[in-house]
Amino acid sequence: MPELPEVEVTRRTIAARLHGARVTSVRCGKPLRWPLGCAPAGLVGSRLGEVIRHGKYLWLPLRRDAAQPPAGVDGGLLMHLGMSGSLAFHDTASEPGPHAHFDLGTDRGLLRLTDPRRFGAVLWSPSLEEAPAAPLLARLGAEPFDPALTPQALHAACRRRKVAIKTLLLGGQVVVGAGNIYACEALFRAGIDPRTRCDRLSLPRCTRLLAALRETLGRALELGGSTLRDFSDAHGVAGEFQAEAGVYGREGQPCPRCGTAVRRIVQAQRSTFFCPVCQRRA
DNA sequence: AGTTAAACCTGGTTGC
DNA sequence: TGCAACCAGGTTTAAC
C-alpha cells in the first residue's frame with residue numbers, strides 16, 4: 001500500500017508531465033472518501049503547476065488560464081492514495097475499468113486514479129492554506145527527511161506522550177510517512193520494542209529510531225517504491241521490499257538477525273511484527 | 001487533552 | 001462447492 005516512498009515515487013513519475021499541462025476533461029467514478037467539492041467541468045481550462053507532496057498527500061495546483069476560455073479555476077486538487085490507490089497516465093481511448101474513480105484529462109495525457117478499495121481521495125480546495133485542505137494537513141507532523149526534525153525534537157515530542165512508539169509512528173502527528181510496514185521495519189532496525197511507551201525512550205534511542213526510519217524509507221525510495229509495482233496483490237507487500245523485510249508479515253519465521261521466531265501482536269487495531277529478542281524496551 | 005475505537009471499502013483468504 | 005466470516009490497510013471522525 002502506498003506509504004511515503006510510494007507516494008513520492010508517484011509524484012516524481014507524474015510531476016514533469018503535468019507541469020504546465022492544461023485540463024481538458026474531468027471524470028468522476030464511484031465515490032471516494034469525500035465528494036470532489038466542486039463541479040468537475042469547472043476545472044476544465046485550468047493549468048497545472050508543480051505537484052508537491054505533504055506526507056502521503058499530493059497537491060496538484062491549478063491556476064486560471066485567462067488566455068483561452070474556459071479559463072478554469074485557481075486552487076488545486078488534494079489527492080490521497082488511501083491504501084490501494086495508484087496514479088498513472090492512461091491512453092485517452094482506454095476504458096475506465098471498474099476501479100478507475102477519477103480521471104484528469106489533460107493536453108499531455110490522461111491521469112487516472114485507480115483505487116479498488118476507495119479509501120483514496122480527490123478533493124478540490126482553493127489553496128493549501130484554506131479549507132478543506134488546510135485542516136487535513138494541519139495535523140500532519142514533520143517530514144521524515146526534514147533537517148529540522150532532529151533527534152532532540154523527536155525526543156521532546158515523545159516525552160509528552162504515553163502511547164506505544166509504534167502507534168506514534170503510525171499516527172503521523174509527529175513524523176509522517178511510515179505506514180504499518182515501514183513502522184515495523186524501522187523499529188526492528190532500531191532495535192526498539194514496538195510496545196515501548198514514548199515517554200520512556202531515551203535520547204540515544206530516539207536518535208537510533210530517527211536514523212532507522214530514514215534508512216528504511218530511503219531504501220524503499222531507492223527501490224522505486226517497493227510496494228508500488230505490485231501493490232494490488234499479496235495485500236500490497238508483494239513488491240521488492242517484502243524480500244528485504246526483516247519482520248513484517250513474517251510471524252513465526254526466524255528473525256534475520258538472531259533466529260528467534262518473529263512475533264505478531266495487535267496495537268491500535270493493527271498488526272505489529274517484531275523480534276522479541278532484538279527489540280527491547282530499554 | 002490525550003487516547004482509543006469505529007467507520008469507510010473490497011479483493012482475497014479462511015472456515016464451515 | 002458455496003457461502004459467510006474475517007482480514008488488510010491509512011485516515012478521519014466520534015466517543016471515551
Side-chain angles (χ1 to χ4, degrees), chain A residues 1-8 10 28-37 53-59 78-87 97-102 113-123 125 131-141 143-144 156-186 194-200 217 220 225-228 230-239 241-242 245 247-252 264-273:
Chain A
M1 64 304 309
E3 301 183 27
L4 183 142
E6 291 75 29
V7 178
E8 176 61 19
T10 298
C28 294
K30 288 183 182 175
L32 295 165
R33 174 173 288 276
W34 304 291
L36 180 58
R53 178 186 59 75
H54 272 253
K56 298 171 193 170
Y57 284 97
L58 291 173
W59 173 249
L78 189 69
M79 308 186 80
H80 197 290
L81 301 179
M83 43 176 291
S84 59
S86 60
L87 274 174
H99 303 308
H101 302 308
F102 184 81
L113 173 67
T114 303
D115 185 4
R117 278 170 253 186
R118 290 196 276 136
F119 276 30
V122 182
L123 188 60
S125 186
L136 295 173
L137 301 179
R139 72 186 65 209
L140 297 183
E143 286 289 326
C158 283
R159 211 158 26 186
R160 294 184 285 106
R161 297 170 185 268
K162 295 177 183 173
V163 287
I165 184 60
K166 157 71 169 5
T167 305
L168 185 82
L169 288 178
L170 216 47
Q173 305 96 331
V174 174
V175 197
V176 296
N180 209 26
I181 299 172
Y182 298 133
C184 289
E185 292 302 316
R195 298 166 294 185
T196 310
R197 278 170 46 148
C198 291
D199 57 1
R200 307 281 259 270
L217 294 174
S226 55
T227 61
L228 183 66
D230 205 1
F231 69 87
S232 59
D233 56 30
H235 293 301
V237 277
F241 192 85
Q242 189 177 35
V247 289
Y248 188 84
R250 304 190 65 241
E251 180 182 17
R264 174 185 171 274
I265 59 175
V266 175
Q267 294 179 285
Q269 303 167 304
R270 291 286 128 71
S271 285
T272 298
F273 299 89

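All chains are named by letter (A, B, ...) in the order of the sequence lines, taking the proteins before the strands, and each is independently numbered beginning at 1.
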Scan nucleotides 11-13 of chain C against the protein and return all N/O pairs shorter than 3.5 Å with their distances rounded to 0.1 Å.
{"from": "C:dT11", "atom 1": "OP1", "to": "A:H80", "atom 2": "NE2", "distance (Å)": "2.7"}
{"from": "C:dT11", "atom 1": "OP2", "to": "A:K56", "atom 2": "NZ", "distance (Å)": "3.0"}
{"from": "C:dT11", "atom 1": "O3'", "to": "A:Y57", "atom 2": "OH", "distance (Å)": "3.2"}
{"from": "C:dT11", "atom 1": "O2", "to": "A:R33", "atom 2": "NH2", "distance (Å)": "3.4"}
{"from": "C:dT12", "atom 1": "OP1", "to": "A:Y57", "atom 2": "OH", "distance (Å)": "2.6"}

Q. Using a cut-off of 4.0 Å on non-hydrogen atoms, how would the nucleic acid contact of A:R197 be classed: base, sugar-phosphate, or nothing?
A.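 No contact at all - A:R197 keeps every heavy atom at 4.0 Å or more from the nucleic acid.
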Q: Would you classify A:S271 as touching base, sugar-phosphate or nothing, given that sugar-phosphate means primed atoms plus P, OP1 and OP2, and contacts are heavy atoms under 4.0 Å?
A: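 Contact class for A:S271: sugar-phosphate only.
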**Q.** Rounded distance (Å) that lies between atom C1' of B:dC8 and atom NZ of A:K30
**A.** 14 Å
Not counting sequence neighbours, which residues clear side-chain contact (heavy atoms from CB on, under 4.5 Å) with [X]? List them please.
{"X": "A:R159", "result": "A:H155, A:A156"}
{"X": "A:A121", "result": "A:R33, A:W34, A:H80"}
{"X": "A:R161", "result": "A:V163, A:L168, A:Q173, A:V174, A:C198"}
{"X": "A:P35", "result": "none"}

[X] side chain N/O closer than 4.0 Å to the phosphate oxygens (OP1, OP2) of [N]?
{"X": "A:H101", "N": "B:dC9", "answer": "no"}
{"X": "A:R160", "N": "B:dT3", "answer": "no"}
{"X": "A:Q269", "N": "B:dA6", "answer": "yes"}

Q: Assess the side chains of A:T272 and A:Q267: does a donor N or O sit below 3.5 Å from an acceptor N or O?
A: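 Indeed, the side chains of A:T272 and A:Q267 share at least one donor-acceptor pair under 3.5 Å.
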Q. Listed by chain and number, what are the salt bridge (Lys or Arg N to Asp or Glu O under 4.0 Å) partners of A:E143, not counting sequence neighbours?
A. A:R53
Q) Who are the salt bridge (Lys or Arg N to Asp or Glu O under 4.0 Å) partners of A:R197, not counting sequence neighbours? A)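 A:R197 satisfies salt bridge (Lys or Arg N to Asp or Glu O under 4.0 Å) with A:D199 only.
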Q: For A:F102, check ring-ring contact (aromatic ring centres under 6.0 Å, His included) against everything at least two apart and list the hits.
A: none
Pairs under 3.5 angstrom, nitrogen or oxygen only, protein versus nucleotides 14-16 of chain C, please.
none

